[in-house]
2 protein chains.
Amino acid sequence: MKPKIEDVAKVAGVSPTTVSRVLNDRGYISSKTKEKVFAAMKEINYVPNDLARSLYNKRTYLIGVIVPSTNHPFFGELVDSIEKMCNDRGYKVLLCNSLQEAEKEKKYWDMLRRNQVDGVIVVTYNRGLIDKNQQFPAVAIDHYLSENIHVVSSDNFQGGELASKELLDVGCKNIIHINGDVNLETPANERQYAYEKVMHDAGRKPLTYHVPNVAYLESNIDVIKQLFQENPDVDGIFASDDLLAIRTLQHAKSLGYRIPEDLKIIGYDGTGLIRSIYPELSTIVQPTYQIAENAVETLIEEIDGTSQEIKEKTLSVSLWKGKTTRASS
Amino acid sequence: MKPKIEDVAKVAGVSPTTVSRVLNDRGYISSKTKEKVFAAMKEINYVPNDLARSLYNKRTYLIGVIVPSTNHPFFGELVDSIEKMCNDRGYKVLLCNSLQEAEKEKKYWDMLRRNQVDGVIVVTYNRGLIDKNQQFPAVAIDHYLSENIHVVSSDNFQGGELASKELLDVGCKNIIHINGDVNLETPANERQYAYEKVMHDAGRKPLTYHVPNVAYLESNIDVIKQLFQENPDVDGIFASDDLLAIRTLQHAKSLGYRIPEDLKIIGYDGTGLIRSIYPELSTIVQPTYQIAENAVETLIEEIDGTSQEIKEKTLSVSLWKGKTTRASS
DNA sequence: CTGAAAGCGCTTACAG
DNA sequence: CTGAAAGCGCTTACAG
């Protein structure tokens, strides 16, 4: 059996109360007693049971993180940053990969409640999930969920603008946008609106193709093919995701398009990974680290009761200019 | 205050014992009582407290997962698979990104003990971590840790052989290997041994360059530069990691090497992500899904006490043949 | 400076 | 078929 406080107390010749006190460094204890207790703990290899502690304190220092999948570079990077921030502040991360399935998200949400997490950081595009009795502090990333849930986003409209203008600036005439599932309420919708606005302002007609699932690249190739068949004269493509952009670029090359001479391409997300292995790809860089930082800080503030107001924070994105949008004068 | 079992009991007009019984579906309860209890739970929006449950049952259904970082595609994919497997079997994942720092790993390990996780899946290259009193079931991935910890690996020697032979097969004469930190006991060491064996068997002299940190790509460029300066006649490179391979490929191109005509390159890991966005890169594909599956199953078997023996499982890898090792006859 | 007692929210023998 | 009591391992008023 694992030793408990009582066992330590016996070995040290003191009461459990005293052991608990030295453990928590609370109240005044003679240094002799402290030493005895520490010695006893080493001797029997005592490890405190945080379950019991949490039960009493009603505080687990556990944060639930719900994302579609750590497999996608953006979420891998985001989760990495969130975990780091949490760890720095003494919180632990319960990871939930929802695969964007509403049913799974619902189950995870319930599981997190049962496990008494102190708060949740969630990336979801399904609004209906959160029941009105939602009890714990939560921060949603990139998507409004309900009036008592904070939102931390990057500026998706700005990103859409930056990307679209970049293509115009380098001389594209026929600019097409590729986005994800048209039925999903993702932040990529904002990117599309921005694209449409920029096109209108420039007197061009916007045209958007939607792939069924950004994450499952295989399922997207048909849409990409269709795009080129229907628009052989396309000379600029703004994809709402870097993986999609790369896939499109590959297909274009296989059709004989020269990049950037015949066709310019820009993606979205700009994770460190993609920028490192595909530096030539122009893209909009999301401030992943700041998103994570803001989300974790906002959450902990609410947990600690430091701040009452529900916050909405929007962070700026930036342009990574690679060869795929190099002006081909 | 959150409602507890006692509150449900009052509303339903039964004892807490009975509520607990319907909650756990244990013992015989009249269906009338059941209904009353369920109705009461809905009415006051009751959610069981798994902390209290776990405290009593000495079972948390929590699994700690320690990896260097979800930011690396291989670990992102691995964690994704592990989390999926765990979720399917009713376990939850406590995520720990150690960044390969021994100190952090140690802290995480202690934290997991305090949190009473049922078991741990760990990717670490530091052997000294695990104290002899290590209590809970654990599975190490790709690296032997101690006699009471299972190991699930892919066959790194086989992978090294496959990669090296592939380069020989397509006609390379001067084959150089790039590996990670020479001081780390990573599975990539096996890949290097295999490379050296294949070279010797072919009557060639092996030559390995070590980069300081596979994960931080920026820090590796100096070594890559050095490699080409010192061996301008290199015509085959086996990198122990796809990201490293891609970086090397980029640098080679910038120096004017044509791939694969002048120089052939093969990487390692072959994650779905890399294969999808860099299909031209030849690589050794690790069976990530099976690794995760085996690790989770082995761990749960030990947790359940179904199996006593400590297992060592080695899974086969396979070759993904892309253009970067196309024979240039 | 230290201890006995009650309680965190649950579950399970033990009675009935 | 149902309930009162004790206990999971910890912590904190309340006494002394």
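Just so it is clear: chains get the letters A, B, ... in the order the sequence lines come, proteins before strands, and each one is counted from 1.
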Participant: For B:Tyr56 and for B:Ser30, locate the closest nucleotide of DNA chain D by heavy-atom distance; then report the residue assigned to the nucleotide nearer the 5' terminus.
Facilitator: B:Ser30

Participant: Of all the base pairs, Watson-Crick or G-U under 3.5 Å, which form stems of three or more consecutive pairs involving DNA chain C?
Facilitator: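 As far as DNA chain C goes, consecutive pairing (with distances under 3.5 Å) yields the stems C:1-3 with D:14-16, C:5-12 with D:5-12, C:14-16 with D:1-3.
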
Participant: Applying salt bridge (charged side-chain N to carboxylate O under 4.0 Å, His left out), can you list everything that pairs with A:Lys311, at least two apart in sequence or on another chain?
Facilitator: A:Glu301

Participant: With A:Glu185, which residues qualify under salt bridge (charged side-chain N to carboxylate O under 4.0 Å, His left out), at least two apart?
Facilitator: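 Expected list: A:Arg127.
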
Participant: Give the first and the last nucleotide of DNA chain D, reading 5' to 3', that has any atom under 4.0 Å from a heavy atom of chain B.
Facilitator: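 Footprint of chain B along DNA chain D, 5' to 3': D:dC1 to D:dG9.
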
Participant: Need one value for A:Asp50: base, sugar-phosphate or nothing, where a base atom within 4.0 Å counts as base even if backbone is also close, heavy atoms only.
Facilitator: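 No contact.
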
Participant: Is there a residue in residues 15-23 of chain A whose heavy atoms reach under 4.0 Å of DNA chain C, and which residues are they?
Facilitator: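 Listed by number, they are A:Ser15, A:Thr17, A:Thr18, A:Arg21.
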
Participant: Return the set of residues passing ring-ring contact (aromatic ring centres under 6.0 Å, His included) with B:Tyr46 (not counting sequence neighbours), or none when no residue passes.
Facilitator: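 With neighbours one apart ignored, the set is empty.
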
Participant: Does anything in residues 63-75 of chain A pair up under salt bridge (charged side-chain N to carboxylate O under 4.0 Å, His left out), and if so which pairs, sequence neighbours excluded?
Facilitator: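 For residues 63-75 of chain A, and leaving out neighbouring residues, there are no salt bridge (charged side-chain N to carboxylate O under 4.0 Å, His left out) pairs at all.
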
Participant: Any pair with a residue in residues 67-76 of chain B that passes salt bridge (charged side-chain N to carboxylate O under 4.0 Å, His left out), sequence neighbours left out, goes on the list, sorted by first then second residue, please.
Facilitator: none

Participant: Quick test of your reading: applying salt bridge (charged side-chain N to carboxylate O under 4.0 Å, His left out), list the pairs with at least one residue in residues 45-72 of chain B, sequence neighbours left out, ordered by first then second residue.
Facilitator: A:Arg114-B:Asp50, B:Asp50-B:Arg53, B:Arg59-B:Asp118, B:Arg59-B:Asp304

Participant: Excluding sequence neighbours, so at least two apart, what forms ring-ring contact (aromatic ring centres under 6.0 Å, His included) with B:Tyr108?
Facilitator: none

Participant: Does NZ belonging to A:Lys104 count more than 12 external heavy atoms closer than 6.0 Å?
Facilitator: yes

Participant: Under 4.0 angstrom, heavy atoms only, what part of the nucleic acid is A:Thr33 near: base, sugar-phosphate, or nothing?
Facilitator: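 Sugar-phosphate, no base atom in range.
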
Participant: Could you list the residues that satisfy salt bridge (charged side-chain N to carboxylate O under 4.0 Å, His left out) with B:Lys34, not counting sequence neighbours?
Facilitator: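 Scan of B:Lys34 (salt bridge (charged side-chain N to carboxylate O under 4.0 Å, His left out), adjacent residues dropped) gives B:Asp25.
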
Participant: B:Glu293: which residues meet the side-chain contact (heavy atoms from CB on, under 4.5 Å) condition with it, sequence neighbours left out?
Facilitator: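 For B:Glu293 the side-chain contact (heavy atoms from CB on, under 4.5 Å) partners, ignoring immediate neighbours, are B:Met85, B:Tyr289, B:Gln290, B:Glu297.
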
